[in-house]
Engineer: 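I'd like to ask some things about the structure below.
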Protein chains: 2
Amino acid sequence: MAAVDLTTHPGHLARRLQQAHYLLWNTMVSEEITSPQFAVLNALVAEPGLDQRTVGERVGLDRSTIAEVVSRLSRRGLLDKVRDPQDGRRFLLRLTDDGLRTHRKLTVRTARMNQVFLAPLSSEEQILFFDLIRRVADTAEGLRNPAEPLVAQP
Amino acid sequence: MAAVDLTTHPGHLARRLQQAHYLLWNTMVSEEITSPQFAVLNALVAEPGLDQRTVGERVGLDRSTIAEVVSRLSRRGLLDKVRDPQDGRRFLLRLTDDGLRTHRKLTVRTARMNQVFLAPLSSEEQILFFDLIRRVADTAEGLRNPAEPLVAQP
DNA sequence: CCGAATTAGTCAGGGCACTGAGTATTTAAG
DNA sequence: CTTAAATACTCAGTGCCCTGACTAATTCGG
């Protein structure tokens, strides 16, 4: 005996929340395009021609994962990937017309889905929901790089 | 133009939250045992001898995923898996001494990690955080099985 | 009692997410 | 100018997560 109540464990809650979202996305938005893929499309609508790493940074995907997601989107013909002539290490990404169309279509459905997903909360609670999660996620993210070490330069 | 603000998309937030948690878990709790694995150990501390499907139900893992997680835990010698003599379809799961020890050790570390993770929120906000996420996740979960169809029997 | 549904679990396949190691290119230091 | 460090990306490996198709065992209806 000494079992713990998982409903007070944020990690467990976060996982269940994501699963619930996955489910709803699949039925209400798309079975082809996933939520992370949509995030990438969206980043490229906002800033066409970004390089792969920066897109990953914008949407919160590490170098390996963004590579996989981009390769799937490119395979489906939703984006183009070309070497940066200025810097041969980079790949510059740009949506195709099809990618743009897909993003437009999914944007509408995503908005509908978000409404359904958040329906159990009042408007004020929804604001709070965003705020609390964002603060926790941002803070934990910040622990990654210990920022400026207290002593500046060596 | 028509890009969307992902910081108001619960799915995106949920994903970032889980990533942040994963990161912290990895550094503060264990690099061997994952959070879902701990959840399974915990379920078996509470109810030894559960069958695989029920454990999955308790911790929110579908039949395929629970099978993988259980197989890893069993490979590491943290649990035993035996056929139910009463019902030849089931596997009954039970922690080994090692599994019990591991659970005890991780319980302490997990509590510490949760404190750090939730540190940006006040006590009241933490309660709210749990409540809001739980309500959203539960409601979306509920949409899965449309409950009783309005008309009872055919 | 027997065939039909139901149930527990497996397997193949696709996608997300991380780490650590390796390659190529660019930039910085000497 | 040339070597060393940094940067963008790839690849292999592990683990979580889902669906759909399949097998084996049990239960239920007639």
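Per chain, numbering begins at 1; letters A, B, ... match sequence-line order.
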Engineer: Is any side-chain nitrogen or oxygen of R53(A) closer than 4.0 Å to OP1 or OP2 of dC9(D)?
Structural biologist: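 Checking R53(A) against dC9(D): no side-chain N or O falls below 4.0 Å of OP1 or OP2.
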
Engineer: Using whole Å, report how far CG of L24(A) lies from P of dT19(D).
Structural biologist: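 After rounding, the reported distance stands at 13 Å.
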
Engineer: For D87(A) and for V69(A), locate the closest nucleotide of DNA chain C by heavy-atom distance; then report the residue assigned to the nucleotide nearer the 5' terminus.
Structural biologist: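 Closer to the 5' end of DNA chain C: V69(A).
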
Engineer: Output the rounded distance in Å from CG (L61(A)) to P (dA8(D)).
Structural biologist: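 Atom-to-atom, L61(A) to dA8(D), this comes out as 16 Å.
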
Engineer: Please examine the side chains of R15(A) and L61(B), heavy atoms only from C-beta on, and report whether any two atoms are closer than 4.5 Å.
Structural biologist: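 Side-chain contact under 4.5 Å: yes.
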
Engineer: What contact category does T65(B) fall into here, base, sugar-phosphate, or nothing, at under 4.0 angstrom with non-hydrogen atoms?
Structural biologist: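 The residue T65(B) makes base contact.
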
Engineer: Between P on dG15(D) and NE2 on H21(B), what's the gap in Å once rounded to a whole number?
Structural biologist: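 H21(B) atom NE2 is separated from dG15(D) atom P by 18 Å.
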
Engineer: From CG of L23(B) over to P of dA17(C), roughly how many Å is that when rounded to an integer?
Structural biologist: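 Distance, rounded to whole Å: 14 Å.
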
Engineer: For residues D98(B) and T96(B), is any side-chain donor paired with an opposing acceptor at under 3.5 Å?
Structural biologist: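 No, no side-chain donor-acceptor pair sits under 3.5 Å.
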
Engineer: For dT10(C) and K81(B) - does any side-chain N or O of the residue sit under 4.0 Å from the phosphate oxygens OP1/OP2?
Structural biologist: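 Yes, because at least one side-chain N or O of K81(B) sits under 4.0 Å from OP1 or OP2 of dT10(C).
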
Engineer: For Q86(B) and for A67(A), find the nucleotide of DNA chain D with the closest heavy atom, then tell me which residue's nucleotide is more 5'.
Structural biologist: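 It is A67(A), whose closest nucleotide lies nearer the 5' terminus.
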
Engineer: Any side-chain N or O of Q19(B) less than 4.0 Å from the OP1 or OP2 oxygen of dC18(C)?
Structural biologist: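 Yes.
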
Engineer: Under 4.0 Å: is that the gap between some side-chain N or O of R76(A) and OP1 or OP2 of dG15(C)?
Structural biologist: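 Answer is yes, contact under 4.0 Å.
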
Engineer: Quick one: which of dC11(C), dC17(D), dT10(C) gets closest to the side chain of S64(B)?
Structural biologist: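 The answer is dC11(C).
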
Engineer: Go through dT10(C), dC18(C), dA8(D) for me and flag the one nearest to the F91(B) side chain.
Structural biologist: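 Given the options dT10(C), dC18(C), dA8(D), the side chain of F91(B) is closest to dT10(C).
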
Engineer: For T54(B) and E68(A), find the nucleotide of DNA chain C closest to each by heavy atoms; which residue's nucleotide sits nearer the 5' end?
Structural biologist: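 On the 5' side of the pair lies T54(B).
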
Engineer: Could you tell me how far apart N26(A) (CG) and dG20(D) (C1') are, to the nearest whole angstrom?
Structural biologist: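 In whole Å, dG20(D) C1' and N26(A) CG are 13 Å from each other.
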
Engineer: Separation of R75(A) atom CZ from dG14(C) atom C1', in whole Å?
Structural biologist: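 Rounding to the nearest Å, CZ of R75(A) and C1' of dG14(C) are 9 Å apart.
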
Engineer: Between the main-chain N or O of I33(B) and the side-chain N or O of W25(B), is there a donor-acceptor pair closer than 3.5 Å?
Structural biologist: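 Such a contact is found between W25(B) side chain and I33(B) backbone.
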
Engineer: Closer than 4.0 angstrom, basic N to acidic O: yes or no for D131(B) and R134(B)?
Structural biologist: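 Salt bridge between D131(B) and R134(B), a charged N being under 4.0 Å from a carboxylate O: no.
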
Engineer: Can you find a side chain N or O atom of Q52(A) that sits less than 4.0 Å from OP1 or OP2 on dT10(D)?
Structural biologist: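 Yes.
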
Engineer: If the threshold is 4.0 Å, N to carboxylate O, is there a salt bridge linking R16(B) and D138(A)?
Structural biologist: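 Result for this pair is yes, salt bridge flagged.
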
Engineer: Side-chain donor or acceptor of R63(A) under 3.5 Å from a matching atom on the base of dG20(C)?
Structural biologist: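 By the distance-only test, yes, there is a pair.
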
Engineer: Checking contacts here: which listed nucleotide (dG20(D), dG15(C), dC9(D)) is nearest the side-chain heavy atoms of Q37(A)?
Structural biologist: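 Closest nucleotide among those given: dG15(C).
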
Engineer: Could you tell me if the side chain of E125(A) sits less than 4.5 Å from the side chain of R135(B), heavy atoms only?
Structural biologist: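 Yes - at least one pair of side-chain heavy atoms lies under 4.5 Å apart.
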
Engineer: Find the distance D84(B):CG to dA25(D):P and express it as a whole number of Å.
Structural biologist: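 Computing the D84(B):CG to dA25(D):P distance gives 13 Å.
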
Engineer: What is the distance from CD of E57(A) to C1' of dC9(D), rounded to the nearest Å?
Structural biologist: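 Atom CD in E57(A) sits about 15 Å away from atom C1' in dC9(D).
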
Engineer: Which nucleotide sits closest to the side chain of D51(A): dA8(D), dA17(C), dT10(C)?
Structural biologist: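 Selected nucleotide (nearest to the side chain): dA8(D).
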
Engineer: Judged by each residue's nearest nucleotide on DNA chain D, which is more toward the 5′ side, L92(A) or E31(A)?
Structural biologist: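 It is L92(A) whose nearest nucleotide is closer to the 5' end.
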
Engineer: Ignoring backbone atoms, establish whether R90(B) has a side-chain N or O less than 4.0 Å from OP1 or OP2 of dT7(C).
Structural biologist: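 Checking dT7(C) against R90(B), no side-chain N or O comes under 4.0 Å of OP1 or OP2.
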
Engineer: With a 4.0 Å cutoff (strictly under), does any side-chain N or O of R89(A) reach OP1 or OP2 of dT26(C)?
Structural biologist: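 Result: no.
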
